[in-house]
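Read the structure below first, then the notes.
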Amino acid sequence: MDNELLFSKEYEQFYKMVEESAAFKRFCADAFGEDFSQDGFSDLKQIDRILEYIPRQKDVHILDIGCGNGKMLGYLQKKTGAFVHGFDYSESAIKTAQKLFDKNADFRQGNIGEIDYPEESFDLITSMDTMYFAPDMTAFLKQVMGWLKKGGVLFVGYQEGDVLPKTSNSGTTVFAEALKKLGIQYKVEDITKETYDLLKKKRETALLYQKALEEEGNKDWFDLLMLQTDCVTEPYDLFAEKMARYLYVIRK
Ligand SMILES: C[S@@+](CC[C@H](N)C(=O)[O-])C[C@H]1O[C@@H](n2cnc3c(N)ncnc32)[C@H](O)[C@@H]1O
């Protein structure tokens with residue numbers, strides 16, 4: 001099975017599990033501060049940083065690339081009143097998202113590189129732990145920048161060391177390379193230490209929910225949480241040699 005198919009099957013199963021598992025919902029709320037059905041690494045502290053880039057006015061449109069079941073967008077909408085758009089290639093995630101919102105939302109099942117939106121549609125575009133899946137990062141970034149209104153912001157959470165190997169110690173990721181190639185100015189915040197602490201909390205919380213997850217028949221997902229957080233069983237210096245996490249802010 002090729003990697004892409006393996007990932008898509010895993011995400012399908014993941015979003016089916018989170019829909020049914022009470023223990024996983026409680027685990028997310030405790031580990032991340034709010035249950036957004038996180039498969040990634042975004043806690044409330046990171047998501048709250050997005051809020052400052054959402055204009056508080058009427059008719060604001062925001063897009064989440066790799067939106068999963070839309071719960072993170074639900075939080076941003078509650079805080080700002082924005083119209084929310086999201087796409088993800090997981091069919092079950094998008095079905096849940098479509099059920100979750102009865103107005104001011106547009107969710108589409110779609111693949112990076114295939115789905116398209118009209119130029120200058122959004123005030124803010126966010127993508128947490130999903131840009132890695134772009135088959136051609138530069139081409140996709142160019143397309144995404146086209147979707148942004150002038151003055152709009154692209155906010156990206158990007159991690160190296162798991163899906164992608166760590167490439168450097170200076171914030172020069174595949175994503176940053178694409179920004180440079182296109183001559184796009186950006187701000188980047190290195191949150192590797194914050195992520196180390198979050199992953200420690202994720203591991204400790206998962207251990208608290210081990211029994212509940214196993215009783216639901218979700219032992220495989222508990223094992224995956226252990227695997228994902230094995231990296232924090234070593235001291236921070238060793239972790240930081242292999243892992244890095246950045247928040248990129250790009251204003252058009
Ligand atoms: C690591 S998860 C992050 C989910 C969510 N943004 C978060 O931070 O919790 C990656 C998400 O990207 C979606 N995804 C992966 N590859 C994709 C692709 N080629 N096109 C669209 N969505 C994709 C997955 O279904 C999944 O929801």
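Counting from 1, the numbers follow the sequence of the chain as shown. Numbering of ligands and ligand atoms starts at 1, following listing order.
- On a distance-only criterion, Asp88 and ligand 1 share at least one N/O pair closer than 3.5 Å.
- Ligand 1 has no N or O atom lying under 3.5 Å from any N or O atom of Phe41, backbone or side chain.
- Against a heavy-atom cut-off of under 4.0 Å, Asp129 is close to the following atoms of ligand 1: 1 (C), 2 (S), 3 (C), 10 (C).
- For Ala93, the heavy-atom gap to ligand 1 stays at 4.0 angstrom or more.
- Side-chain contact check for Glu160 and Thr173: no donor-acceptor pair (N or O, by modelled atom type) lies under 3.5 Å.
- Of the polar atoms of Tyr89, at least one N or O is found under 3.5 Å from an N or O of ligand 1, judged by distance alone.
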Test ring-ring contact (aromatic ring centres under 6.0 Å, His included) applied to Phe222 and Tyr209, step by step
CA-CA 8 Å; Phe222 169 78; Tyr209 282 96; over 10 Å; no

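- Here Met145 contributes atom CE and Gln143 contributes atom CD; the two are 12.5 Å apart, rounded to the nearest 0.5 Å.
- Applying the 6.0 Å contact sphere to NZ of Lys193 captures more than 12 heavy atoms from other residues, nucleotides or ligands.
- At a 4.0 Å heavy-atom cut-off, ligand 1 touches Tyr15 through the side chain alone.
- Tyr53 and Phe155 have tilted rings, their planes meeting at an angle from 30° to 60° on a 0 to 90° scale.
- Residue-to-ligand polar distances keep Phe87 apart from ligand 1: every N/O pair is separated by 3.5 Å or more.
- Residue Gln38 has at least one heavy-atom neighbour below 4.0 Å for each of these atoms of ligand 1: 9 (O).
- Here Tyr11 has side-chain heavy atoms under 4.0 Å from ligand 1, and that is the only part of it that gets that close.
- Of all atoms in ligand 1, listed by their number and element, those nearer than 4.0 Å to a heavy atom of Ser42 are 8 (O).
- Considering backbone and side-chain N/O of Ile112, one or more are found under 3.5 Å from N/O of ligand 1.
- Between the side chains of Asp190 and Thr192, at least one donor N or O sits under 3.5 Å from an acceptor N or O.
- Within the 4.0 Å heavy-atom cutoff, Gly110 counts among the residues contacting ligand 1.
- Counting non-hydrogen atoms of neighbouring residues, nucleotides and ligands closer than 6.0 angstrom, the NZ atom of Lys25 exceeds 12 such neighbours.
- Aromatic ring centres of His85 and Phe122: separated by under 6.0 Å.
- Residues Asp64 and Thr126 bring no donor and acceptor atom of their side chains to less than 3.5 Å of each other.
- Against a heavy-atom cut-off of under 4.0 Å, Asp39 is close to the following atoms of ligand 1: 1 (C), 2 (S), 9 (O).
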